[in-house]
Student: 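Got a structure for you, questions after.
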Amino acid sequence: MKICAFDQSTHTTGYAVNLDGNIIKTGVLQSDGRLNAIDRMIQMRDLIIKQIQAENPDYISIEGVQYQNNAMVYSTLSQLQGVLFATFKDMNIKFEVVAPSVWKNYIKIKGKRRNEQKKNTILWVKETHNLSVSEDEADAVGISEYTYNLKKGK
């Protein structure tokens with residue numbers, strides 16, 4: 001089973017490709033920060049579509065939106081998520097949304113603060129998959145790990 005997982009945002013989206021439990025590729029998709037939020041969403045959607053077409057996954061997993069004390073960011077990320085739902089449906093690709101707390105709990109990421117959790121996720125990817133990745137890629141790897149094992153019934 002090939003899973004493409006995304007830690008999406010309108011600025012920087014991390015992705016990981018998981019093939020039968022092995023991380024075969026990670027990367028970052030970057031939008032033009034000079035664009036307004038709507039144009040960044042469209043640009044990010046197009047970048048994600050290209051990535052999906054390049055990887056041809058069986059399944060897609062994205063991170064759920066989490067409120068981080070900023071209503072504008074929460075609103076923008078929620079809108080991007082809606083755009084992606086429609087895109088995945090139009091592409092006829094199965095997908096699911098994974099809450100951050102769910103995948104972090106599954107792979108046992110500790111830390112009370114977001115920055116501590118980010119660092120611990122990067123360390124987990126290094127220790128588990130022997131990969132050096134950015135925080136966005138690390139989150140995508142964690143999302144893919146959870147999704148792969150969920151689909152395999154572990």
Student: Looking at every heavy atom in both A16 and S144, which two are closest together, and how far apart are they?
Tutor: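 For A16 and S144, the tightest heavy-atom pair comes out as CB-OG, 4.3 Å.
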Student: Determine, using the 4.5 Å side-chain heavy-atom cutoff (strictly less than), whether M41 and I49 are members of one ILVMFWY cluster.
Tutor: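 Yes, M41 and I49 fall within the same hydrophobic cluster.
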Student: May I ask you to test the P57-I3 pair for a side-chain heavy-atom distance under 4.5 Å?
Tutor: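 When only atoms from C-beta onward are counted, I3 and P57 do not touch, as no gap falls below 4.5 Å.
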Student: Between F95 and F85, does a ring-ring contact (aromatic ring centres under 6.0 Å, His included) hold up when you go through it step by step?
Tutor: CA-CA 8 Å; F95 71 95; F85 288 176; 5.4 Å; yes
Student: Side chains of I23 and L131: closer than 4.5 Å at any heavy-atom pair?
Tutor: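 Touching, per the 4.5 Å side-chain cut-off.
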Student: Within the structure provided, determine whether F88 and I52 are in side-chain contact (heavy-atom separation under 4.5 Å).
Tutor: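 Heavy-atom side-chain distance check passes, below 4.5 Å.
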Student: Output the distance between atom NE2 (H11) and atom CG (D136), rounded to the nearest 0.5 Å.
Tutor: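 The distance works out to 11.5 Å.
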Student: To the nearest 0.5 Å, tell me how far S101 OG sits from K104 NZ.
Tutor: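 One finds 8.5 Å between OG of S101 and NZ of K104.
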Student: Nearest 0.5 Å, what's the CG-CD1 distance between N18 and I143?
Tutor: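 Nearest 0.5 Å value for the CG-CD1 distance: 12.0 Å.
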Student: Go through the steps to decide whether K94 and I60 satisfy the test side-chain contact (heavy atoms from CB on, under 4.5 Å), and finish with yes or no.
Tutor: CA-CA 6 Å; K94 294 178 185 175; I60 293 174; over 6 Å; no
Student: Check whether any side-chain N or O of K2 sits under 3.5 Å from a backbone N or O of E55 as a donor-acceptor pair, and report yes or no.
Tutor: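 Yes, K2 side chain to E55 backbone: donor-acceptor pair under 3.5 Å.
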Student: Between N120 (side chain only) and E116 (backbone N and O only), is there a donor and an acceptor less than 3.5 Å apart?
Tutor: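 At least one qualifying donor-acceptor pair exists.
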Student: Stepwise, does the side chain to side chain donor-acceptor pair (under 3.5 Å) test hold for T12 with Q30?
Tutor: CA-CA 5 Å; T12 304; Q30 195 78 41; 2.9 Å; yes
Student: Between K151 and E96, does any side-chain N to carboxylate O distance fall below 4.0 Å?
Tutor: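 Yes, K151 and E96 are salt-bridged.
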Student: Just verifying a value: how many Å separate I122 CD1 and Q117 CD, rounded to the nearest 0.5 Å?
Tutor: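 If we round to the nearest 0.5 Å, I122:CD1 and Q117:CD are 12.5 Å apart.
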Student: Would you say the side chain of E135 lies within less than 4.5 Å of the side chain of K119, judging by non-hydrogen atoms?
Tutor: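 No. Closest side-chain heavy atoms not under 4.5 Å.
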Student: Distance from D139 atom CG to E63 atom CD, nearest 0.5 Å?
Tutor: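 D139 atom CG to E63 atom CD measures 5.5 Å (nearest 0.5 Å).
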Student: Report the relative orientation of the aromatic rings in Y15 and F6; use parallel for angles under 30°, tilted for 30 to 60°, perpendicular for over 60°.
Tutor: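 The arrangement is tilted - the two ring planes meet at 30° to 60°.
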Student: Say whether Y59 and L84 are linked into one hydrophobic cluster, either directly or through other cluster members, by side-chain heavy-atom distances under 4.5 angstrom.
Tutor: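 No, separate clusters.
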Student: Between I48 and T87, does the side-chain contact (heavy atoms from CB on, under 4.5 Å) criterion hold? Intermediate values first, please.
Tutor: CA-CA 10 Å; I48 289 172; T87 299; over 6 Å; no
Student: With a 4.5 Å limit on heavy-atom distance, are the side chains of L77 and Q81 in contact?
Tutor: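 No, side chains not in contact.
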Student: Can you find a side-chain donor-acceptor pair between Q79 and T76 that sits under 3.5 Å?
Tutor: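 Judged by distance alone, the side chains do not pair up.
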Student: Hey, what do you get for OH (Y146) to CD1 (I107), rounding to the nearest 0.5 Å?
Tutor: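 Result: 12.0 Å between the selected atoms.
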Student: Is there a donor-acceptor contact under 3.5 Å from the side chain of R40 to the main chain of S31?
Tutor: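 No: the side chain of R40 does not pair with the backbone of S31.
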Student: Begin from the C-alpha positions of T13 and L47 and carry the test side-chain contact (heavy atoms from CB on, under 4.5 Å) through to its verdict.
Tutor: CA-CA 9 Å; T13 293; L47 291 168; over 6 Å; no
Student: Would you find a donor on one side and an acceptor on the other, under 3.5 Å apart, between the side chain of D7 and the backbone of G14?
Tutor: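 Looks like no, no N/O pair under 3.5 Å.
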Student: Are there over 12 heavy-atom neighbours, none belonging to L123, within less than 6.0 Å of that residue's CG?
Tutor: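 Result for CG/L123: enclosed.
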Student: Test side-chain contact (heavy atoms from CB on, under 4.5 Å) on V28 and E137 and set out the steps.
Tutor: CA-CA 7 Å; V28 174; E137 291 169 293; 3.8 Å; yes
Student: Any heavy-atom pair between the side chains of Q51 and L29 that's under 4.5 Å?
Tutor: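 A side-chain contact under 4.5 Å exists here.
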Student: Give the cluster check for V73 versus L80: same hydrophobic cluster or not, with ILVMFWY residues linked at side-chain heavy-atom distances below 4.5 Å.
Tutor: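 Different hydrophobic clusters.
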Student: Can you give me the closest heavy-atom contact between G21 and H129, atom names plus distance?
Tutor: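 Reported closest heavy-atom pair: O-CE1, 4.3 Å.
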Student: Identify the two heavy atoms, one from V97 and one from G64, that lie closest to each other, and give their separation to 0.1 Å.
Tutor: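 Here V97 and G64 meet closest at CG1-CA, 3.3 Å.
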Student: Under a 4.5 Å cut-off applied to non-hydrogen side-chain atoms, are Y106 and V98 in contact?
Tutor: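 Result no, sub-4.5 Å side-chain heavy-atom pair not found.
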Student: Would you say N22's side chain and I24's backbone share a donor-acceptor pair under 3.5 angstrom?
Tutor: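 Not confirmed, N22 side chain does not pair with I24 backbone.
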Student: Report whether I62 and M91 are members of the same hydrophobic cluster (ILVMFWY, side-chain heavy atoms less than 4.5 Å apart, transitive linking).
Tutor: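 Yes, same cluster.
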